[in-house]
Amino acid sequence: AMFSSDQTLPIVVPGTLIHLGVPIAAALALTAWGVMTRTVPGFQFRTVGAAPKAARFGGFSASSTVWMALLIGGGMAGLAGILEAAGPFGQMVPQFPTGYGYTAIIVAFLGRLNPLGILLAALVLALTYVGGESAEDVASEIQDSWDAVK
């Protein structure tokens, strides 16, 4: 099915595939950083994550905190899928989820489990990935030129 431009997110950087989902994701990462570092629920998440027994002594319910983290994480994953589907291609392709979860684990560890660090790690990994694809295209062009010379 073909989608019209009013059914997809607008491109924020003309001439690229960077759509409105990118600044939305960045704003959510900044919000997560603020919540995690400046609020009681953020302190609760960090405490339960670091030392569940200590959190229980502090009056935090480890099980409800874990459930809340799982629900928030699932919601963010769903939002990521929506932003991808509403991106410039206007659809989800069967190959979409391939490796995204594993890449997310790498990004989280590179970002030292800090929302701001994760934002930076995601940018670095995305640029590396796009740069690798570009280098692959250049290599195939060089190979085609070489084959034409032969």
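For reference, positions follow the sequence shown, starting with 1.
Counting only heavy atoms from C-beta outward, the side chains of Leu119 and Trp33 never approach each other to under 4.5 Å. Within the 4.5 Å cutoff, the side chain of Leu125 has heavy atoms near those of the Leu110 side chain.
Cluster note: Val35 groups with no other residue, as no ILVMFWY side-chain heavy atom lies under 4.5 Å from it.
In this structure, CG in Asn114 is found 8.0 Å from OG1 in Thr37, a value given to the nearest 0.5 Å. Taking CE of Met76 as the start and CG of Leu28 as the end, the distance is 5.0 Å to the nearest 0.5 Å. Between the CZ atom in Arg56 and the OG1 atom in Thr47 there is a gap of 13.5 Å [rounded to 0.5 Å].
Ile24 and Val13 fall within the same hydrophobic cluster, where Ile, Leu, Val, Met, Phe, Trp and Tyr residues are linked whenever their side-chain heavy atoms come under 4.5 Å apart, directly or through other members. There is no path of hydrophobic side-chain contacts, each under 4.5 Å, that joins Leu79 to Leu30. By the rule that hydrophobic residues join a cluster once side-chain heavy atoms approach within less than 4.5 Å of another member, Val66 and Phe60 end up as members of one cluster.
Applying the side-chain contact (heavy atoms from CB on, under 4.5 Å) criterion to Phe109, with sequence neighbours excluded, gives Ile105.
In this structure, Arg46 contributes its side chain and Met36 its backbone to a donor-acceptor pair below 3.5 Å.
Closest of all the heavy-atom pairs between Ala122 and Val107 is N-CG1, 3.7 Å. Taking each heavy atom of Val48 and Ala55 in turn, the nearest pair found is CG2-CB, 3.6 Å. The two atoms that bring Gly111 and Ala121 nearest to each other are N-CB, 3.8 Å, heavy atoms only. Leu20 approaches Pro23 most closely through the heavy-atom pair O-CD, 3.1 Å. Considering every non-hydrogen atom in both Gln44 and Thr65, the closest pair reads NE2-OG1, 2.6 Å. Of all heavy-atom pairs between Ala29 and Pro115, the closest is O-CB, 3.4 Å.
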Item to complete: Apply side-chain contact (heavy atoms from CB on, under 4.5 Å) to the pair Ile72 and Phe45, showing each step before the final yes or no.
Response: CA-CA 12 Å; Ile72 291 169; Phe45 283 122; 4.0 Å; yes

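Heavy-atom contacts from other residues, nucleotides or ligands closer than 6.0 Å to CE of Met68 number 12 or fewer. The neighbour count for Phe43 CZ, taken as heavy atoms of other residues, nucleotides or ligands under 6.0 Å away, does not exceed 12.
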